[in-house]
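Just follow the structure's listing: the first ligand is 1, and inside any ligand the first atom is 1.
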Amino acid sequence: MSYYPILQKYNGLDFQNIFDTTTDSDIERAISAESINELALLHLLSIKAASKIESIAERSKELTTQYFGKTISLYTPIYLSNYCTNKCPYCGFNASSKIERKQLTEIELEREAEFISDQGFQHVIILTGESKQIAPLSYIESCVKILKKRFSSISIEIYPLTETEYKRLIDLGVDGLTLYQEVYNQSIYKNLHQGGAKENYLFRLNAPERALSQGMRTVSIGALLGLNNWRKEVFFAATHARYLQDKFSSSEISISTPRIQPQVNQFKPEVIVSNRDLVQIITALRIFLPRVGINLSTRESRALRDNLIRLGVTKISAQSSTAVGGHTASNNTSSPQFETADKRSLKEIKDHLLNCGYQPVFKDWVSF
Ligand code: SF4
């Protein structure tokens, strides 16, 4: 069993009809219910629900405080390598991009890790482009061994792996996986991912489950917003998260809502997702998935992040660079994957959270 048969079943829904016929009382029922089903989630994602965003946001805020308290977890990404064999047109690292390619050496990673841990971070996410030839599993393993000396939580955002490969990384101390499906609509996925290993839709879709089956502690999934009708994509990401949460109840599932940002290829999104849409997305997700973490990266502006922290987000990145070796100035020569918007330092973000009555959390996990 995997999420795929469930996705196929939902593909049979008449989404447009549900969105078009959602009534005020459907939305009000979803806001006041103890828990909501998939149909009620669609009501909260409908166009009509946008006019009730204040009430939806109020409920989302209440549930977030109930389940997470006033805490925000903080992490930062470390880009290890920007070599990639895939051609995702929305990404600055794609194989056709004329950018300088770079991969950190062990010495460069040591320097990057020292700088980041001196800032106070305890949780890092390591990222690579998808080139198993240039950044093979053995390279990732060497990097994890270096990072393990300084950080209590290490997540990976790399190419999808087999169960055995995930187990190897978990045994070394990796405790988190971030893997976005990019777009759940299979025909759009096929059009956007031609050539390269990423062509394999199902291998990617089932990767979170493979990692969880091997004992991965936390898994973050999501759709890249802007590639398809966002209401449908959010619905699929949300039902995928609920499926994983129900099946792997001792692991932590979280969801991200990345929007396409400007990058070197000047890719134009198919669909514009406005700030107001993003507020609707995050607050609807919270009501559908009260226990699931919601992540928001520095892709988004300072003002929007500060606002969303109060409404449903539970984990944010800080002081991010999307360039390989981007944390340490002397390494900062490679092109970024995309532009970040919130450029505040970790200290500025931490001070802001404390001023708003939130506890910044650097470590919520001790591994032995
Ligand atoms: S999104 Fe990932 S797989 Fe696609 S081009 Fe960028 S780095 Fe490569």
Side-chain angles (χ1 to χ4, degrees), residues 77-104 124-137 139-140 143 155-162 165-166 169 176-208 210-211 219-228 233 237 255-271 273 295 297-299 317 320-326 334-340:
I78 301 180
Y79 278 72
L80 300 177
S81 172
N82 62 10
Y83 288 91
C84 189
T85 54
N86 293 313
K87 295 183 181 158
C88 316
Y90 48 81
C91 173
F93 288 174
N94 100 41
S96 313
S97 291
K98 302 277 179 269
I99 57 166
E100 186 191 338
R101 301 286 167 176
K102 181 168 176 59
Q103 179 157 303
L104 292 186
V124 289
I125 297 188
I126 52 176
L127 298 96
T128 63
E130 297 196 7
S131 174
K132 226 173 167 173
Q133 292 73 38
I134 296 176
L137 194 63
Y139 171 73
I140 308 290
C143 293
S155 296
I156 49 168
E157 188 172 345
I158 62 171
Y159 42 84
L161 302 175
T162 63
E165 290 169 328
Y166 280 127
L169 291 182
L177 167 71
T178 293
L179 192 81
Y180 305 142
Q181 185 59 24
E182 316 293 18
V183 58
Y184 281 84
N185 180 298
Q186 208 166 347
S187 66
I188 297 176
Y189 184 97
K190 191 166 174 238
N191 285 339
L192 289 170
H193 303 107
Q194 295 181 6
K198 203 166 173 176
E199 270 182 339
N200 192 334
Y201 177 91
L202 276 182
F203 190 67
R204 191 172 191 89
L205 186 75
N206 292 330
R210 288 197 298 277
V219 163
S220 180
I221 61 166
L224 181 59
L225 302 175
L227 300 176
N228 183 25
E233 288 296 316
I255 197 160
S256 301
T257 56
R259 294 190 289 183
I260 293 173
Q261 297 299 331
Q263 33 66 37
V264 71
N265 300 322
Q266 312 287 321
F267 177 79
K268 294 275 178 289
E270 277 300 307
V271 175
V273 183
N295 314 317
S297 77
T298 52
R299 286 168 184 260
S317 53
S320 303
S321 164
T322 66
V324 176
S334 76
S335 304
Q337 187 182 29
F338 55 83
E339 288 175 21
T340 56

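Of the options P89, S97, G129, the smallest heavy-atom separation from atom 7 (S) of ligand 1 is shown by G129. In this structure, of E157, R204, K198, the residue bringing a heavy atom nearest to atom 2 (Fe) of ligand 1 is K198.
Put simply, the side chain of Q186 never gets that close to the backbone of Y201: no donor and acceptor are under 3.5 Å apart.
Side chains of S297 and N295: no donor on one and acceptor on the other come within 3.5 Å.
Heavy-atom proximity to C84, at under 4.0 Å, picks out these atoms of ligand 1: 3 (S), 5 (S), 7 (S), 8 (Fe). Listed by number with element, the atoms of ligand 1 under 4.0 angstrom from any heavy atom of N94 are 5 (S). Against a heavy-atom cut-off of under 4.0 Å, N86 is close to the following atoms of ligand 1: 3 (S).
Atoms CZ and CZ, from R101 and F93 in turn, are 8.0 Å apart once rounded to the nearest 0.5 Å.
Taking both residues in full, the closest heavy atoms of A223 and A237 are given as N-CB, 4.3 Å, listed atom of the first, atom of the second, then distance. Residues C84 and G129 come closest through the heavy atom pair CB-CA, 4.2 Å.
Heavy-atom contacts from other residues, nucleotides or ligands closer than 6.0 Å to CD of E157 number more than 12.
Protein heavy atom at the shortest distance from atom 4 (Fe) of ligand 1 is C88 SG, 2.2 Å. Among all protein heavy atoms, the one lying closest to atom 6 (Fe) of ligand 1 is C91 SG, 2.3 Å.
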